[in-house]
Amino acid sequence: MTETPVDQMTFEQAMKELETVVGQLERGDVALDQSIALYERGSALKKRCEDELKRAEEKVAAITLDAEGQPTGTTPVEGQ
């Protein structure tokens, strides 16, 4: 597990470490103290990822919705 503060990680870094944490917890071969620490780190990583996704959604909405909240363009139909 890296020692990088969660709030300084990119989305990709947080996801990669979260996958590692989940794998370790799923194996169930770590001591209770370490499991608790992994769970806490995993919770922080999950929140970081959720926050980053929310920011990305807000950016997409800002560039695809007008002032009234209506779509600014059309979505291309597959095959056309």
Side-chain angles (χ1 to χ4, degrees):
M1 188 164 52
T2 128
E3 295 301 319
T4 303
V6 172
D7 64 343
Q8 294 178 11
M9 297 177 118
T10 65
F11 176 81
E12 292 79 9
Q13 290 169 324
M15 278 299 297
K16 184 176 180 179
E17 185 175 338
L18 183 56
E19 289 172 358
T20 300
V21 166
V22 169
Q24 289 177 303
L25 290 171
E26 285 178 339
R27 280 195 312 273
D29 59 356
V30 292
L32 180 59
D33 290 351
Q34 187 180 5
S35 292
I36 292 169
L38 285 168
Y39 176 82
E40 290 171 347
R41 178 76 174 184
S43 293
L45 292 164
K46 177 183 171 284
K47 182 171 180 349
R48 174 69 176 175
C49 291
E50 289 172 342
D51 292 346
E52 287 297 314
L53 286 173
K54 184 175 184 199
R55 275 193 279 284
E57 288 171 351
E58 290 169 353
K59 287 179 183 179
V60 169
I63 61 174
T64 60
L65 301 178
D66 63 20
E68 288 80 38
Q70 299 300 313
T72 58
T74 59
T75 304
V77 177
E78 225 177 283
Q80 291 186 1

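We're numbering straight along the sequence, starting at 1. Note that the structure is a prediction, hence the values are computed from the model and not measured.
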key: Closest approach of Val6 to Arg41 (non-hydrogen atoms, all atoms of both residues)   = CG2-NH1, 3.5 Å

message = Side-chain heavy atoms under 4.5 Å apart, restricted to Ile/Leu/Val/Met/Phe/Trp/Tyr: what other residues fall into the cluster of Leu32, or is it alone?
response = Ile36

ask   = Between CD of Glu40 and OG of Ser43, what distance do you get to the nearest 0.5 Å?
value = 7.5 Å

ask   = Okay, side chain of Gln8, backbone of Pro5: is any donor-acceptor separation there less than 3.5 Å?
value = no

ask   = Do Arg48 and Glu52 sit within salt-bridge range, that is, some charged N less than 4.0 Å from a carboxylate O?
value = yes

ask   = Looking at CG of Leu45 and NZ of Lys16, how far apart are the two atoms once the value is rounded to the nearest 0.5 Å?
value = 13.0 Å

request  = State the CZ-CD distance between Phe11 and Glu50, to the nearest 0.5 angstrom.
outcome  = 10.0 Å

Closest non-hydrogen atom pair, Leu38 against Val21 = O-CG1, 3.3 Å

key: Set of side-chain hydrogen bond (donor to acceptor under 3.5 Å, both in side chains) partners for Ser35, sequence neighbours left out   = none

task = May I ask you to decide whether Lys47 forms a salt bridge with Asp51, counting only side-chain N to carboxylate O separations under 4.0 Å?
result = yes

query = Which pairs with one or both residues in residues 18-30 pass salt bridge (charged side-chain N to carboxylate O under 4.0 Å, His left out), sequence neighbours excluded?
reply = Arg27-Asp29

